[in-house]
Amino acid sequence: MITLRLNANNPKDLSLAAQLLRAGELVAIPTETVYGLAANALDPAAVAKIFEAKGRPQDNPLIVHVTDILQAFPLVKVFPFTARRLAEAFWPGPLTVILPRADHVPDIVSAGLRSLALRVPAHPVAQALLQAAGIPLAAPSANRSGSPSPTLASHALYDLDGKIAAVLDAGPCAVGIESTVLDLTSEMPLLLRPGGISVEQLETVLDRKIAVSPAVVHALENDAPTPSPGMKYKHYAPQAELTLVHGSLQAFLAYAKQEKPDGLLVFDRDMSTVNCCCQSEIGSCQPVNCLRYGDDPKAQAKQLFARLREIDELGWRKVLVRCPTKEGLGLAVYNRLLRASAFREVTV
Ligand code: TXA
Ligand code: MG
């Protein structure tokens, strides 16, 4: 199959993308979080193509994207008050809620679960496309299963060229990390995946504590029950072996000297010290290969997945990563790095 490169700024391209989706084809589309691989959520054959193109395990359910809360209502059995408050506060935006699935929504969308994940994307192109297509769109991240999520159209093409009908290019994604996934199928809201909306933001709107699934910051035992099937898969992982390092910059650099990695992933503010440290230690320290990923969680979220892909392009095998804060949006960045590093963490 030849994958069409469509330009989101061109109205003809946008309308072609909508037609392809209505015809049961797959299109990689921009959202404010990451690019999604969209298909008509009400067409089981179209949804099956998503699993095939991504190499996605059959038991990993998908998020359904809708234009607004009104299009969400008929897809679920109930839309509780808690969900309503959150939707009013954060939709359109990077929040996914899980609610009991309505009977007419095909099983395959939720991989057989009785629940359904729903989100209203904020990206104007995603909104325009949903309007033009007039159907709800099932869309996981548009990467090959297991690799870092795509924040550029070129990332989606790299992973899926020849396997999908089209990619709709709208430039880089503003948030850069996926939506927050919140399970609202029981009394106590449960955070399954930290993302673009922080736990603190959710708690402020609901005026109560949110339970956080242990899988967010811990590796699951092989036989542990999973509230969210996606958590049991290795995710976001480059080919390189990443180690997440907690501690001061000085201790990090001393550890790097000892470990001799192929490269470092550090904060912007670290760069001057990293360069300086290397120059002052000629003979004992090779010039350091260094990538940076921002200073604050917002910048880090936006840059992280592109950096993980660059690490592989550079052919680095062993990489040390400065650990971000776990506060606010930082929890989502930390969660992705934990998975990318297969939970390899050290404190120095
Ligand atoms: O920002 C995002 O959420 C992006 C964009 C494209 O919207 N989508 C995305 O989808 O990240 P995906 O498939 O890569 O991640 C969805 C996560 C998976 O971990 C999946 O297991 C979980 O949500 N999930 C989906 N439906 C679920 C359900 N019914 N119950 C529990 N977990 C669910
Ligand atoms: Mg994904």
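Counting convention: from 1, in listed order, for ligands and their atoms alike.
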**Q** So is Glu178 polar-close to ligand 1, meaning N/O to N/O under 3.5 Å?
**A** no
**Q** Please list, in number order, the atoms of ligand 1 under 4.0 Å from a heavy atom of Ala139.
**A** 6 (C), 8 (N), 10 (O)
**Q** If you measure from atom 4 (C) of ligand 1 to every heavy atom of Val34, Leu182, Ile50, which option wins on shortest distance?
**A** Val34
**Q** Any chain of hydrophobic side-chain contacts (each under 4.5 Å) joining Leu99 to Leu42?
**A** yes
**Q** Leu291 pairs by side-chain contact (heavy atoms from CB on, under 4.5 Å) with which of Val266, Leu308, Leu314?
**A** Leu314
**Q** Could you pull out the closest heavy-atom pair between Phe73 and Arg84, with the gap in Å?
**A** CZ-NH1, 3.9 Å
**Q** Looking only at non-hydrogen atoms, find the nearest pair between Gly176 and Thr151 and report the distance.
**A** O-CG2, 3.4 Å
**Q** Grab the two heavy atoms, one from Thr31 and one from Arg119, that are nearest each other, plus how far apart they are.
**A** OG1-NH2, 3.1 Å
**Q** Looking only at heavy atoms, is any part of Arg193 under 4.0 Å from ligand 1, and if so is it the side chain, the backbone, or both, or is it neither?
**A** side chain
**Q** Determine the minimum heavy-atom distance between Glu32 and Gly93, stating which atoms define it.
**A** OE2-C, 3.2 Å
**Q** Quick one: do Arg193 and Ser213 satisfy side chain to side chain donor-acceptor pair (under 3.5 Å)? Show the steps, please.
**A** CA-CA 8 Å; Arg193 179 178 75 182; Ser213 167; over 6 Å; no
**Q** Under 4.0 Å from a heavy atom of Ile63: which atoms of ligand 1 are those, numbered in the order shown and with their elements?
**A** 3 (O), 8 (N), 9 (C), 10 (O), 16 (C)
**Q** Using 4.0 Å as the upper bound for N to carboxylate O, is an ion pair formed by Asp161 and Arg5?
**A** yes
**Q** Is Tyr35 close to ligand 1, meaning an N/O of one under 3.5 Å from an N/O of the other?
**A** no
**Q** Judged by modelled atom types alone, do Arg101 and Ser115 share a side-chain donor-acceptor pair under 3.5 Å?
**A** no
**Q** Which atoms from ligand 1 have a heavy atom of Leu192 less than 4.0 Å away?
**A** 31 (C), 32 (N)
**Q** Any nitrogen or oxygen of Thr96 lying under 3.5 Å from a nitrogen or oxygen in ligand 1? Just yes or no.
**A** no
**Q** With rounding to the nearest 0.5 Å, note down the distance linking CZ in Arg322 to CG in Asp270.
**A** 4.0 Å
**Q** So, 4.0 Å and heavy atoms of Arg56: is ligand 1 close enough to count as a contact?
**A** yes
**Q** Within the 4.0 Å heavy-atom shell around Asn60, which atoms of ligand 1 are there?
**A** 18 (C), 20 (C), 21 (O)
**Q** What residue among Leu75, Val109, Val105, Thr67 forms side-chain contact (heavy atoms from CB on, under 4.5 Å) with Pro136?
**A** Leu75
**Q** Any idea which atoms of ligand 1 are less than 4.0 Å away from a heavy-atom of Leu113?
**A** 28 (C), 29 (N), 30 (N)
**Q** Has ligand 1 got any nitrogen or oxygen that is less than 3.5 angstrom from a nitrogen or oxygen of Thr33?
**A** yes
**Q** Against heavy atoms of Ser141, which atoms of ligand 1 measure under 4.0 Å?
**A** 8 (N), 9 (C), 10 (O), 12 (P), 14 (O)
**Q** Would you say the Mg ion (ligand 2) has Ser141 as a near neighbour, meaning an N/O/S atom of that residue under 2.8 Å away?
**A** yes
**Q** Give the numbers and elements of all ligand 1 atoms closer than 4.0 Å to a heavy atom of His65.
**A** 5 (C), 6 (C), 7 (O)
**Q** Counting heavy atoms only, name the option from Ser145, Pro61, Gly36, Ser115 that's nearest to atom 29 (N) of ligand 1.
**A** Ser115
**Q** Give a yes/no verdict on whether any heavy atom in Ser110 is under 4.0 Å from an atom of ligand 1.
**A** no
